[in-house]
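Down below is the structure, laid out as structure tokens.
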Amino acid sequence: MKCEIIRDLLPLYIDNALSDVTKEEVVKHLEGCQDCNRIYEDMNEGDIKVADYITEIEPMKKVKRKLRITKVLFTAFVSAFILLTIAYELLCANPLLVSSDKVSYSVSSYTTDSVYSYFDDVNNRRKELLVPKDADFKLDTFENTVYVDGEKLLDDSGAPVPATGTLYPGGSLRVSIHADNPLTAMKRDIDQRYSGDKVSATLGFRPCLPFRQDINELCEENGMVWSAPLANIGEGSTLTIHCRDKDIVLDLYKLSKEAE
């Protein structure tokens, strides 16, 4: 047994109020511990009164109890601070992306008149003319003439336009994206780049709390509607939705053809 326990038991040992088993433990300890044996002898000889000894050790017990309580409270405070810091980091400062099984999307498109873009050598600038979306459009490179429904396409001055341009489809492709959100706000990461008739876009959705957030980065709903002109969606155009476990990569060119 520890010295503190033995010294607490000494008054009972002197009064012969201990069980035989406990008494044997006290005897063994006294035989091997000079400090406790000296206190026992002083008590037994009357140099230290039992009542006075008990009075002396009671304040020490109270101090030890206070130290234990302080240690427990300090540990609880530190643990709570760490948990709050982690929660703020994950829910406000740097929330995690949603997992791929929480993301769904639908695709639609709307079309308008097409646009014929060509370079005007006379005025040394690029021009654009609208072409009805259902019109019969033909480029006659031999005569360097453009025909729409069998008639020559003319510019504002009445001159035939050259067959050196490109016909771009009018309208846009829309991808409606929804992400399940267990929290009260959704932070949105978005990046979109164009290169000729090719678009490359990336999205990410992060469920979060609305505290200390840039309102321009938050979704009004649990998701968004992404769109791009059909004229910019050529082969190789992609929309990538970053998720926690994997990326969802959409072939925009293929989707635009399927949505026609």
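All values below come from the heavy atoms of this structure, side chains included, with hydrogens, waters and symmetry mates left out.
Gly236 and Lys198 make their closest contact through O-CE, 3.3 Å (heavy atoms, listed as atom of the first residue, atom of the second, distance). Closest of all the heavy-atom pairs between Val225 and Ser176 is CG2-OG, 3.8 Å. Of all the heavy atoms in Cys92 and Pro95, the pair that sits closest is O-CD, 3.6 Å. The heavy-atom pair separating Ser117 from Tyr168 by the smallest distance is CB-CE1, 3.9 Å.
When side chains are defined from C-beta on, Cys243 counts as touching Val103, because their heavy atoms get closer than 4.5 Å. Residues Leu203 and His242 have side chains not in contact (no heavy-atom distance under 4.5 Å, counting atoms from C-beta outward). A heavy-atom distance below 4.5 Å is found between the side chains of Leu154 and Lys152. No side-chain heavy atom of Val98 sits less than 4.5 Å from a side-chain heavy atom of Asp180. Residues Cys36 and His29 form a side-chain contact, since some pair of their non-hydrogen atoms from C-beta on lies under 4.5 Å apart. For the pair Val148/Asp136, no side-chain contact is recorded, criterion being any heavy-atom separation below 4.5 Å from C-beta on. The closest side-chain heavy-atom distance from Ser172 to Tyr110 is below 4.5 Å. In this structure, Tyr116 and Leu139 have side chains that are in contact, with non-hydrogen atoms separated by less than 4.5 Å.
A salt bridge is absent between Asp120 and Arg126; no separation between the charged side-chain nitrogens and carboxylate oxygens falls under 4.0 Å. Ion pair Arg193/Asp191 flagged as a salt bridge, since at least one NZ, NE, NH1 or NH2 atom sits closer than 4.0 Å to an Asp/Glu carboxylate oxygen.
The same ILVMFWY cluster, assembled from side-chain heavy atoms under 4.5 Å apart, contains both Ile86 and Val78. Criterion: ILVMFWY side-chain heavy atoms under 4.5 Å apart, direct or through other members. Under it, Val115 and Leu129 are not part of a common hydrophobic cluster. Note on Ile177: it does not cluster hydrophobically with Leu97, by side-chain heavy-atom contacts below 4.5 Å among ILVMFWY residues. In terms of hydrophobic clustering, with Ile, Leu, Val, Met, Phe, Trp and Tyr side chains grouped at heavy-atom distances under 4.5 Å, Leu30 and Leu18 are assigned to a common cluster. With hydrophobic clusters built from ILVMFWY side chains whose heavy atoms lie under 4.5 angstrom apart, Phe205 shares a cluster with Val107.
More than 12 heavy atoms of other residues, nucleotides or ligands lie within 6.0 Å of CZ in Arg188, so this atom counts as buried by the packing criterion. Other residues, nucleotides and ligands contribute over 12 non-hydrogen atoms within 6.0 Å of the OH atom of Tyr147. Lys127 NZ: more than 12 foreign heavy atoms inside a 6.0 Å radius. More than 12 heavy atoms of other residues, nucleotides or ligands shown are found within 6.0 angstrom of NZ on Lys23.
Side-chain atoms of Asp140 do not come within 3.5 Å of backbone N or O of Asn144 as any donor-acceptor pair. Side chain of Ser237 to main chain of Val199: a donor-acceptor pair is present (N/O by atom type, distance under 3.5 Å, no hydrogens or angles). Judged by distance alone, with hydrogens and angles left aside, the side-chain atoms of Thr145 form a donor-acceptor pair with the main-chain N or O of Glu143 at under 3.5 Å. Judged purely by atom type and a 3.5 angstrom limit, Arg206 has no side-chain atom pairing as donor or acceptor with the backbone of Leu96. Of the possible polar contacts, one joining the Asn181 side chain to the Ala185 backbone as a donor-acceptor pair under 3.5 Å is found.
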Exercise. I would like to know whether Ile5 and Leu9 meet side-chain contact (heavy atoms from CB on, under 4.5 Å); could you show each step before the answer?
Key: CA-CA 6 Å; Ile5 298 176; Leu9 293 174; 4.1 Å; yes
Quiz item: So Leu250 and Leu255, side-chain contact (heavy atoms from CB on, under 4.5 Å) or not? Walk me through it.
Solution: CA-CA 8 Å; Leu250 306 181; Leu255 292 176; 3.9 Å; yes
Exercise. Applying side-chain contact (heavy atoms from CB on, under 4.5 Å), run through Val72 and Arg68 and close with a yes or a no.
Key: CA-CA 6 Å; Val72 171; Arg68 285 197 296 269; 5.5 Å; no
Quiz item: What's the verdict on side-chain hydrogen bond (donor to acceptor under 3.5 Å, both in side chains) for Asp245 and Ser100, showing C-alpha distance, side-chain angles and the deciding distance?
Solution: CA-CA 7 Å; Asp245 52 336; Ser100 59; 2.8 Å; yes
Quiz item: What's the verdict on side-chain contact (heavy atoms from CB on, under 4.5 Å) for Val146 and Tyr118, showing C-alpha distance, side-chain angles and the deciding distance?
Solution: CA-CA 11 Å; Val146 179; Tyr118 68 97; over 6 Å; no
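Note that the NZ atom of Lys246 and the CD1 atom of Ile241 stand 11.5 Å from one another [nearest 0.5 Å]. We find the OG1-CG distance between Thr112 and Leu130 to be 8.0 Å, quoted to the nearest 0.5 Å. Atom OG of Ser256 and atom NZ of Lys254 lie 11.5 Å apart (nearest 0.5 Å). Separation of atoms CG (Leu230) and CG (Leu173) is listed at 6.0 Å; rounding is to 0.5 Å. In this structure, SG in Cys208 is found 12.0 Å from CG in Leu90, a value given to the nearest 0.5 Å. Interatomic distance, Gln192 CD to Asn232 CG, rounded to the nearest 0.5 Å: 9.0 Å.
Side chain to side chain, Asn222 and His178 fail the donor-acceptor criterion of an N or O pair below 3.5 Å. In summary, the side chains of Thr240 and Asp247 do not present any donor paired with an acceptor at a separation below 3.5 Å, with no hydrogens or angles considered.
Close placement of the Tyr40 and Tyr13 rings is indicated, their centers lying within 6.0 Å of each other.
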